[in-house]
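So the structure is just underneath, and the comments pick up after that.
Residues: numbered from 1 along the sequence shown.
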Amino acid sequence: RRTVLDERLARHAESQGVTLVEGANVTDPILDPSGRICGVRTSDGTEYSAPVVVAADGNSSRLGLAMGLHKRDDRPMGVAVRAYYRSALSDSRNLESWLELWDGAPQKSDLLPGYGWAFPEGDGTVNIGLGMLDSSAAFGRTDYRSLMKRWLSHLPAEWTLDEEHREGPIRGAALPMAFNRQPHYRDGLLLVGDAGGMVNPFN
């Protein structure tokens, strides 16, 4: 899970001598006279300097926008929702994926938009979710959480993918794809992750 992985990465970085600042909200880039970014300013007025600033600030990338790096409309965009369920699928050695989502028996019910997955966590839970690309006619006009519940209600009961076995809410996020914000490096700013649209549209 990201909550576990991110924590481990942060603590490992600290153990290697990195100074980790938590709870800081970056609001502005700091520019030198040539217009190159040389640091950032947080909401409490604190300033941090660096020879290269890494923007890992997500799909909206406030730093990217502040430096004039905008999204490309000719690149695919997706959306996904997911939740964790206590399920026997957790012990599977394989991930499950669905390129077709059916509202009942395959070929005998309504074909739903999107694609689905089940990622075993090995801790008694499984990460279940579905996604959709903006090439779908249903993109932006669908209640994705309701769609997910509708799909899951027709999967095998022994998988226990129901409200009783769900841990936490169904969460959603945009999936910026195919390097939809470029260039990834300019004037001292390096875009990584969703800030640089690094989701692979093929998987």
* **Salt-bridge present (Glu22, Arg11; N to O < 4.0 Å)** => yes
* Asked: Asn94 and Ser92: side chain to side chain donor-acceptor pair (under 3.5 Å), yes or no, with the steps?
  -> CA-CA 5 Å; Asn94 303 306; Ser92 174; 4.6 Å; no
* Flag, side chain of Asp57 to backbone of Leu63, donor-acceptor distance under 3.5 Å -> yes
* Check whether any side-chain N or O of Arg41 sits under 3.5 Å from a backbone N or O of Asp28 as a donor-acceptor pair, and report yes or no. => no
* Is a side-chain donor or acceptor of Asp162 paired with a backbone partner of His165 at a separation under 3.5 angstrom? -> yes
* Asked: Taking the side chain from Arg186 and the backbone from Met67, do they hold a donor-acceptor pair closer than 3.5 Å?
  -> yes
* Check the surroundings of atom CG in Asp73: do more than 12 heavy atoms from other residues, nucleotides or ligands lie under 6.0 Å from it? => no
* Side chain Thr42, main chain Asn25, donor-acceptor under 3.5 Å -> no
* Quick check: does any side chain N or O of Ser109 sit under 3.5 Å from a backbone N or O of Ala105, one acting as donor and the other as acceptor? -> yes
* With a 4.0 Å cut-off, would you call Glu7 and Arg2 a salt bridge? -> no
* Would you say Ser90's side chain and Gly122's backbone share a donor-acceptor pair under 3.5 angstrom? -> yes
* Asked: Is it the case that Thr46 and Asp44 place a side-chain donor and acceptor less than 3.5 Å from each other?
  -> yes
* Phe119 and Trp117 aromatic ring geometry - parallel, tilted or perpendicular at 30°/60° bounds -> parallel
* **Cluster link Val26 to Leu69, ILVMFWY, side chain under 4.5 Å** => yes
* Cation-pi check, Arg1 onto Tyr84 ring (under 6.0 Å, within 45° of axis) -> yes
* Donor-acceptor contact below 3.5 Å, side chain Asp134 vs main chain Met77 -> yes
* Under 3.5 Å, is there a donor-acceptor pair between the side chain of Thr142 and the main chain of Tyr144? -> no
* Would you confirm whether Arg181, through its side chain, and Arg72, through its main-chain N or O, come within 3.5 Å as a donor-acceptor pair? => no
* Is the ring centre of Trp98 less than 6.0 Å from the ring centre of Trp151? -> yes
